[in-house]
Amino acid sequence: MSSSRRQYPFHLVEPKWQQFWTDRQTFRAFNPGETLPPEHPFARRHQLGGKTVSALDLPPKFYVLDMFPYPSGAGLHVGHPEGYTATDILARYRRAQGSHVLHPMGWDSFGLPAEQYAVKTGQHPRITTEANIANFTRQIKSLGFSYDWSREVATTDPEYFRWTQWIFLQIYNSWFNPETNRAEPISTLKYPPERDRDPNVPPNIHRAVEEAKRREFADRCRLAYVSEAPVNWCAELGTVLANEEVIDGKSEVGGFPVIRKPMRQWMLRITAFAEKLLADLDTIDWSASLKEMQRNWIGRSEGAEVDFAVAAPRESAAEPNENENGGALPSRRYEGELKIRVFTTRPDTLFGATYMVLAPEHALVDEITTEEQWQAVEDYRAHTARKSDLERTELAKEKTGVWTGAYAINPVNGEKIPVWIADYVLASYGTGAIMAVPAHDTRDFEFATKFNLPVMQVVQPPDPKMDWHGFLDDGTSVNSTGPEISITGLATPEAKKKITAWLEEKGLGKKTINYKLRDWLFSRQRYWGEPFPIIWKKDANGILQHEALPESALPLLPPALDDYKPTPDGQPPLARAKDWLTLPDGSTRETNTMPQWAGSCWYYLRYLDARNKTTFVSKDAESYWMGSEKLPISNSQSSISNSPSQPTPGVDLYVGGTEHAVLHLLYARFWHKVLFDLGHVSTPEPFFKLVNQGLILGENGQKMSKSIGNVINPDAIVTEYGADAFRLYEMFMGPLEMSKPWSTKGVEGVYRFLGRVWRLFVDEQSETEFEQNCAAHPVREAEFLTQIRLNPALCDAAPTTAQLKTLHTCIKKVTEDLDGLRFNTAISAMMVFISEAMTWEVKPSAVLADFIVLLQPFAPHLTEELWGKLVAHAKPGARDPQLDLAYQPWPKFDPALLVEDTIELPVQVNGKFRDVIRVAVDAPAAELEATALKAGKAQPFLVGKTVKKVIVVPKRMVNIVVA
RNA sequence: GCGCACGUGGCGAAAUGGCAGACGCGCCAGACUUAGGAUCUGGUUCCGUAAGGAGUGGGGGUUCAAGUCCCUCCGUGCGCACCA
């Protein structure tokens with residue numbers, strides 16, 4: 001399979017320079033307060049050698065970040081290096097431009113596969129994880145990325161997760177103050193007067209609030225709290241999952257069924273940040289589709305809550321004695337004071353509400369169901385409770401439900417309307433109850449049709465011919481006049497306003513904003529995750545209460561286990577460690593662990609100060625690298641700032657896959673906002689610009705997978721073609737954000753290009769000798785490398801104007817394309833340059849030195865080798881031959897060189913291209929017109945015609961309009 | 001069903017509203033070679049010997065001029081999915 005002859009000895013060149021970079025710490029970044037080694041190229045470039053630097057001494061920062069990988073046993077996938085190469089090129093480019101670049105890498109190393117392997121084999125997940133990290137490190141290093149490895153982090157490192165646990169404690173010890181609209185320490189929380197205690201608590205548990213002690217009230221307000229509620233339980237994975245991890249009723253990982261099951265779990269109050277998470281999307285430079293995904297997930301909708309009084313049971317509330325006879329029912333205490341609260345985005349359709357529906361789990365169902373309907377309601381509830389979420393969605397086509405026997409009063413017109421229960425109404429959204437307006441809601445219409453409920457038009461479509469049945473958009477209210485309020489004749493927005501104002505005035509309802517976002521289920525029944533720094537203690541009443549461990553107890557390590565399975569009675573694996581579990585005072589440890597997202601929520605902050613032993617990140621490092629001064633975002637979809645002197649707040653560029661759109665990227669923003677509110681970080685958003693790389697498909701255009709057998713192994717490509725060719729190909733395939741199929745033939749194309757670059761620079765004769773020597777003494781290959789001489793055509797000769805033009809065209813294109821992240825077209829510009837330069841008999845070294853600097857970010861190994869030969873044997877123009885290639889200043893193009901004296905202009909006749917004319921670049925319009933009218937190939941289309949008009953766009957084209 | 005992207009040669013793709021197909025793959029021809037799966041040179045959207053004509057998913061529109069802007073239909077991908 002191996003191709004005949006190497007284009008160039010990359011197998012020697014690449015390890016050589018990787019070793020050089022490691023030895024020299026070439027890509028180390030420095031924090032304020034550090035003393036710069038005099039010999040370091042960064043210090044040399046910026047004249048900071050030996051100096052103890054402050055943030056003011058350092059050049060502008062550029063923080064370019066990759067989504068750190070989970071180090072799986074399968075090793076690196078070709079998708080990983082796609083993003084890594086893009087960020088590495090940018091890192092190297094900005095370094096050359098003079099920025100102080102932070103480009104780190106680490107490991108998201110907690111995770112299920114290592115734990116599952118431990119369950120099977122008994123091998124500790126740490127062993128598996130370390131082996132996988134070692135393999136990933138080898139693979140990533142073989143690609144020559146310019147990471148600052150001194151800042152490497154692993155989420156499984158106790159010195160790392162110490163701070164993950166610490167941040168959890170900050171969250172635990174905070175609450176969201178609606179008055180200041182931010183997170184605050186729990187100490188600022190005041191026990192409220194009874195009247196206005198926690199309006200977020202649904203009415204049905206209000207009693208519990210009334211009885212709550214101060215402590216319980218605090219626990220209820222914490223941003224990390226314990227909840228006993230139905231959660232997503234995945235039996236196959238043996239753990240609960242967050243809403244974001246459940247797709248179509250199946251687990252995101254593995255696709256196993258997920259059921260709803262009530263369990264006591266830790267939750268994080270992300271819903272308190274819903275509005276900020278939504279609004280601040282406008283301040284960051286992310287793709288429109290990604291922002292849209294987050295917006296949809298947060299799911300803000302504006303509307304109104306409306307109270308419907310429940311009609312007294314039986315025929316009439318006027319016969320109070322009836323109530324006392326209803327003893328067979330579980331609860332008949334009400335005298336019309338019972339209310340059903342609904343949420344609607346269309347209060348203007350209130351007159352069209354012809355029935356109501358409660359979720360089967362709704363607390364009022366027990367109270368309002370009549371004796372006659374009791375059995376039917378019970379059966380229905382039992383039936384829906386058995387259904388998994390998956391079944392509930394799959395069976396969505398056919399609506400089901402039963403009547404409770406009760407009626408409610410429509411507050412706008414006093415109509416008595418029946419109250420049903422149906423599983424198309426979700427307990428977890430809004431108030432768990434709806435008013436049904438079958439005329440203007442698809443689901444209500446289906447339900448009304450099936451159960452023969454009345455349908456009443458209340459909105460007239462703008463087009464009178466349009467059928468009003470199922471008309472959902474804005475129109476004009478009709479049939480909407482009651483005894484006290486009328487909105488008939490009003491357009492939908494006005495109707496909404498008027499009726500909402502009336503409801504508020506009457507105390508019947510109020511304007512409300514609802515979110516689809518739910519609180520984040522934060523605990524998992526696993527071994528291989530961060531243990532919660534929480535213990536449980538019995539209080540005076542014998543009730544278990546949770547309590548935070550002191551910071552001095554961190555890091556809290558997981559116990560050693562022989563068996564990583566859950567306990568036989570279904571407790572998480574940590575419960576097996578009896579010694580660990582119980583403390584001397586009898587209190588017990590929390591046995592759940594944090595989800596994998598915990599570590600990835602803040603790793604980008606740890607990179608800033610990765611070895612700090614006293615805090616998660618020092619203030620100086622944080623404010624320098626995150627760039628505290630806030631810049632207003634321009635409303636255009638700007639690319640990253642073109643000027644290195646303009647740092648952006650937060651991470652300047654974050655590149656990763658789209659699979660984290662509503663997981664990691666939402667969670668990390670949430671944690672960051674809490675840390676911001678508490679004063680631990682200086683920017684409200686973590687990631688200023690974010691780019692999603694597209695998927696790399698197999699050669700057959702299908703998604704790479706083991707079962708299809710179309711997986712490309714990066715190691716094999718690097719062995720065959722070298723890291724530079726691999727990097728170059730991944731960037732040449734197409735736009736970064738697009739998904740595109742792999743083509744090994746395409747790798748050969750860029751590999752040939754690198755070979756041409758090599759042959760342009762080196763002496764053919766000396767290379768032949770090198771190959772002969774290598775063949776004779778394979779073990780000494782590396783030392784023969786220095787025998788390869790520079791191509792004699794490469795010399796100190798002054799460049800011609802044409803050569804400078806070729807160079808500067810290339811500089812311009814590559815620079816502009818890198819600013820716009822258009823790597824593929826930047827590479828094609830360099831290919832054009834090389835094709836041209838190959839034809840030069842005399843190759844001025846100054847021109848080629850600039851080209852080397854352009855190519856360096858893309859193919860760093862090859863260019864280092866050629867740069868070494870160039871500076872050793874020729875003058876690299878005005879460049880400092882002592883300065884490392886990685887820090888050589890990026891060349892600037894001279895616009896004056898790119899101006900042509902004469903240009904070719906297309907001539908069109910009636911918009912069709914016919915000929916080109918060569919004219920002076922600044923020729924006046926009249927001259928262009930005259931020349932165009934004489935253009936030879938245009939003549940056949942002009943004879944016998946009248947010229948009606950001539951459009952002249954100087955420097956662009958001439959269009960002759962004839963009739 | 002709703003939302004968001006995207007449809008250009010045999011393939012990956014280029015094209016501030018102004019010469020469609022840069023660059024690369026593949027293919028064809030030539031040069032150098034004992035040889036070529038190395039390298040170099042030329043060609044390569046389709047129809048046509050040519051002049052020329054057609055052409056960026058289909059249809060319509062705006063414009064002197066549309067791959068690009070607008071409308072509509074079709075197709076592909078992604079996201080959400082009974083969210084009231």
Side-chain angles (χ1 to χ4, degrees), chain A residues 2-7 247-248 287-297 299-301 303 342-346 349 357 392-393 395-397 399 422-426 428-437 440-444 446-447 472 514-518 658-659 661-662 692 694-695 699 701 728-729 732-735 737-750 752-753 755-756 759 764 813 822 824-832 835 838 904-916 940 948-953 955-962:
Chain A
S2 80
S3 66
S4 56
R5 193 190 120 176
R6 281 190 194 88
Q7 291 273 346
I247 295 167
D248 295 335
S287 74
S289 68
L290 191 57
K291 286 187 183 184
E292 200 53 31
M293 272 190 237
Q294 291 220 343
R295 284 195 192 102
N296 287 340
W297 192 261
R300 181 186 201 270
S301 53
V342 301
F343 173 72
T344 175
T345 54
R346 291 298 298 271
T349 61
V357 187
R392 252 168 106 149
T393 12
L395 300 172
K397 281 149 208 147
K399 296 270 180 293
D423 66 1
Y424 83 90
V425 172
L426 307 176
S428 50
Y429 183 78
T431 60
I434 62 157
M435 64 176 204
V437 184
H440 307 293
D441 182 283
T442 319
R443 299 147 302 177
D444 297 345
E446 280 172 27
F447 192 83
L472 311 175
N514 245 305
Y515 300 92
K516 281 199 269 181
L517 185 69
R518 305 293 147 70
T658 186
E659 67 272 18
V662 291
N692 286 127
L695 213 58
E699 300 219 52
L728 208 61
Y729 174 65
F732 188 61
M733 293 171 82
E737 288 163 274
M738 212 157 268
S739 72
K740 52 238 158 194
W742 180 268
S743 158
T744 299
K745 282 284 183 194
V747 184
E748 288 178 20
V750 293
R752 277 199 281 268
F753 162 69
R756 279 198 289 276
R759 290 193 300 276
E764 221 185 305
K813 182 75 178 146
R822 292 181 296 269
N824 54 333
T825 49
I827 293 166
S828 87
M830 291 187 286
M831 289 172 165
V832 171
S835 299
M838 298 227 312
E904 282 192 336
L905 284 193
V907 175
Q908 299 176 353
V909 178
N910 283 350
K912 273 205 161 312
F913 167 76
R914 294 302 174 191
D915 202 356
V916 288
K948 293 184 68 177
K949 190 157 56 156
V950 181
I951 315 270
V952 180
V953 184
K955 296 183 187 172
R956 283 259 163 255
M957 47 67 67
V958 179
N959 188 10
I960 303 165
V961 185
V962 297

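A, B, ... follow the sequence lines: proteins, then strands. Residue 1 opens every chain.
B/C11 and B/C73 have their P atoms separated by 28 Å, given to the nearest Å. Between B/C64 and B/G1, the distance separating the two P atoms is 40 Å to the nearest Å. For B/C46 and B/G55, the C1' atoms lie 8 Å apart once the distance is rounded to whole Å. Rounded to a whole angstrom, the distance from the C1' atom of B/A65 to that of B/G18 is 7 Å. Nucleotides B/G77 and B/G59 place their C1' atoms 24 Å apart, quoted to the nearest Å. B/G7 sits 14 Å from B/A13 when the C1' atoms are compared, rounded to a whole Å.
The partner of B/U34 is absent, by the rule that a Watson-Crick or G-U pair needs both atom distances under 3.5 Å. When Watson-Crick and G-U wobble pairs are counted only if both distances are under 3.5 Å, B/G42 pairs with B/C28. Using Watson-Crick or G-U wobble geometry with both donor-acceptor distances under 3.5 Å, B/C6 finds its partner in B/G75.
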- line: The contact string for nucleotides 39-54 of chain B, one letter per nucleotide 5' to 3', using protein heavy atoms under 4.0 Å with B, S and - for base, sugar-phosphate only and none, comes out as SS------------SS
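If you check distances only, the side chain of A/Asn296 never reaches the base of B/C80 with a donor-acceptor pair under 3.5 Å.
A cation-pi arrangement, defined by a distance under 6.0 Å to the six-membered ring centre and an angle within 45 degrees of its axis, is absent between A/Lys399 and A/Phe447.
Distance NZ (A/Lys745) to P (B/G37): 11 Å, rounded to an integer number of Å.
In terms of position on RNA chain B, the residue among A/Lys949 and A/Pro906 whose nearest nucleotide sits closer to the 5' end is A/Pro906.
In this structure, of B/C80, B/A84, B/A65, it is B/A84 that holds the atom nearest to the side chain of A/Ser301.
With a glycosidic angle further than 90° from 0, B/G57 counts as anti.
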